[in-house]
Amino acid sequence: MGRIIAIANQKGGVGKTTTAINLSACLAEAGHKVLLIDIDPQGNATSGVGIDKNNVDKTVYDVILRECSIEDAIIHNVYDNLDELPSNVNLAGAEIDLIDIDRREYVLKDEISKVRKKYDYIIMDCPPSLSMLTVNAMTAADTVLVPIQCEYYALEGLSQLMYTINLAKKKLNKKLEMEGVVFTMFDARTNLSLQVVENVKDNLKQNVYKTIIPRNIRLAEAPSYGKPINLYDTKSTGAESYRLLAQEVMDRDKKI
Ligand code: ATP
Ligand code: MG
């Protein structure tokens with residue numbers, strides 16, 4: 001049975017989508033079968049792998065509304081070993097639609113359970129909010145991976161995020177665990193990045209990945225080419241660091 005990982009942080013622009021795409025791609029490169037689920041109406045984890053988000057037939061929204069099966073919405077072999085359940089702006093309506101739905105926290109979990117045996121890893125890219133979509137992801141997940149940007153306000157909002165994760169664990173998903181925290185956009189030229197890493201480590205008693213993702217222009221460019229970093233610039237420091245992160249994620253499976 002594979003692991004289902006929700007990539008979440010309600011703070012915007014911290015590297016959730018960059019991590020979702022490139023961790024998925026590096027796990028796929030290592031030979032694992034991966035499903036990337038975009039549950040953000042911004043659809044960046046959809047366009048970022050080269051899918052035209054405004055021209056997809058079915059999205060995660062249709063799946064959540066139970067208007068189509070998850071199998072029918074999944075786009076297969078976007079890249080080798082990598083399938084995608086796409087999203088676009090239609091998903092913005094889901095918050096309202098879900099209000100009337102029975103067991104609304106479990107909609108995504110119920111659908112994912114139909115395909116989870118086909119995948120080694122299922123990675124979900126969450127929106128920058130603690131909305132019903134993020135709650136659905138936490139209900140469906142085995143673990144939550146939290147990207148933290150190395151900037152001055154890094155700690156802001158983290159206690160609220162941890163509180164939500166614990167609440168989801170208590171009320172909706174007893175087996176939910178923290179996957180860990182990964183630092184992103186580390187800038188070796190500034191002391192600030194280092195201070196942030198130390199500060200967060202001191203304040204947060206969580207598993208912190210040894211791999212720190214550096215600020216790397218190639219990572220910022222890759223989505224406009226619709227490619228994950230390992231295919232856009234395979235020797236870049238961005239590609240190397242996401243490979244190392246993928247290795248740490250895979251190593252965790254051996255420990256369990
Ligand atoms: P949102 O909350 O809006 O969904 P996010 O948390 O998914 O944002 P990203 O979209 O991954 O964050 O990243 C925000 C911006 O920073 C993007 O333009 C992305 O290309 C850029 N970026 C992310 N990680 C890096 C990095 N390590 N080096 C350089 N640029 C990066
Ligand atoms: Mg995003």
Side-chain angles (χ1 to χ4, degrees), residues 5-26 36-51 53 59-60 84-89 91-92 94-95 123-131 133-134 136-138 144-158 160-161 164 179-190 192-194 196-197 200 209-246 248:
I5 304 173
I7 301 196
N9 188 338
Q10 78 276 25
K11 222 169 164 50
V14 296
K16 291 182 289 295
T17 303
T18 305
T19 299
I21 290 176
N22 295 310
L23 175 61
S24 296
C26 290
L36 173 58
I37 303 183
D38 189 353
I39 54 163
D40 184 350
Q42 295 181 97
N44 295 340
T46 301
S47 54
V49 295
I51 297 167
K53 63 185 173 192
T59 68
V60 67
E84 168 103 16
L85 178 51
S87 165
N88 61 25
V89 71
L91 186 61
E95 292 294 329
I123 310 279
M124 294 180 280
D125 183 31
C126 292
S129 66
L130 295 172
S131 61
L133 289 170
T134 301
N136 257 271
M138 288 180 185
V144 184
L145 192 157
V146 178
I148 295 182
Q149 185 181 349
C150 296
E151 46 114 39
Y152 182 66
Y153 296 107
L155 273 174
E156 214 171 71
L158 272 185
Q160 200 190 354
L161 177 59
T164 307
E179 176 78 30
V181 163
V182 61
F183 290 101
T184 64
M185 296 182 238
F186 185 88
D187 189 343
R189 293 167 307 178
T190 69
L192 178 63
S193 275
L194 258 179
V196 169
V197 169
V200 173
Y209 282 105
K210 285 197 212 73
T211 306
I212 294 181
I213 309 297
R215 193 171 273 286
N216 174 228
I217 186 73
R218 308 303 264 170
L219 283 169
E221 290 167 0
S224 60
Y225 293 86
K227 285 185 178 174
I229 191 66
N230 58 318
L231 300 177
Y232 174 64
D233 187 348
T234 191
K235 293 205 165 94
S236 60
T237 57
E240 289 303 336
S241 46
Y242 274 109
R243 280 192 191 101
L244 289 172
L245 181 66
E248 281 195 71

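Each ligand, and each atom within it, is numbered from 1 in the order the structure gives. Note that this is a predicted model, so its numbers are computed, not measured.
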Say whether [X] and [Y], considering side chains only, have a donor N or O and an acceptor N or O under 3.5 Å apart.
X: Y242; Y: T211; value: no
X: T234; Y: R243; value: yes
X: D187; Y: S193; value: no

task: Indicate the atoms forming the closest heavy-atom contact of T134 with A8, along with that distance.
output: CG2-CB, 4.4 Å

Could you list the atoms of ligand 1 found under 4.0 angstrom from a heavy atom of [X]?
X: G12; result: 2 (O)
X: D40; result: 4 (O)
X: V14; result: 5 (P), 6 (O), 12 (O)
X: L219; result: 26 (C), 27 (N)

Give a yes or no answer on whether the side chain of [X] reaches the backbone of [Y] with a donor-acceptor pair at less than 3.5 Å.
X: K16; Y: N9; result: yes
X: K11; Y: Y153; result: yes
X: T184; Y: I213; result: no
X: Q149; Y: M185; result: no
X: N230; Y: C26; result: no

message: Please tell me if atom 23 (C) of ligand 1 is touched by the protein, where touching means a protein heavy-atom distance below 4.0 Å.
response: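 Protein heavy atoms within 4.0 Å of atom 23 (C) of ligand 1 - there is at least one.
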
message: Closer than 4.0 Å and a protein heavy atom, does any atom meet both conditions relative to atom 18 (O) of ligand 1?
response: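 Within 4.0 Å of atom 18 (O) of ligand 1, no protein heavy atoms are found.
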
message: Using a distance threshold of 2.8 Å, state whether an N, O or S atom of Q42 lies below it from the Mg ion (ligand 2).
response: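 Checking the Mg ion (ligand 2) against Q42, no N, O or S atom falls under 2.8 Å.
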
From [options] - option closest to [atom] by heavy atom:
atom: atom 27 (N) of ligand 1; options: G15, G238, P214; result: P214
atom: atom 25 (C) of ligand 1; options: K11, M185, Q10; result: M185
atom: atom 4 (O) of ligand 1; options: Q42, R215, R218; result: Q42
atom: atom 28 (N) of ligand 1; options: I217, N216, I229, I7; result: N216

Tell me which protein heavy atom sits closest to [atom], plus the residue, atom name and distance to 0.1 Å.
atom: atom 20 (O) of ligand 1; value: A220 CA, 3.4 Å
atom: atom 1 (P) of ligand 1; value: G13 N, 3.5 Å
atom: atom 5 (P) of ligand 1; value: K16 N, 3.5 Å

Output yes when the distance from some N or O of ligand 1 to some N or O of [X] is under 3.5 Å, and no in every other case.
X: T19; result: no
X: T18; result: yes
X: I213; result: no

Under-4.0 Å heavy-atom contact with ligand 1, by part of T17 that carries it: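 For T17, backbone and side-chain atoms both sit under 4.0 Å from ligand 1.
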
query: Taking the side chain as C-beta and beyond, is there a heavy-atom pair between L145 and L23 under 4.5 Å?
result: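 Yes, at least one pair of side-chain atoms sits under 4.5 Å.
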
message: Run I7 and I123 through side chain to side chain contact (heavy atoms under 4.5 Å, CB included) and show every step you take.
response: CA-CA 7 Å; I7 301 196; I123 310 279; 3.6 Å; yes

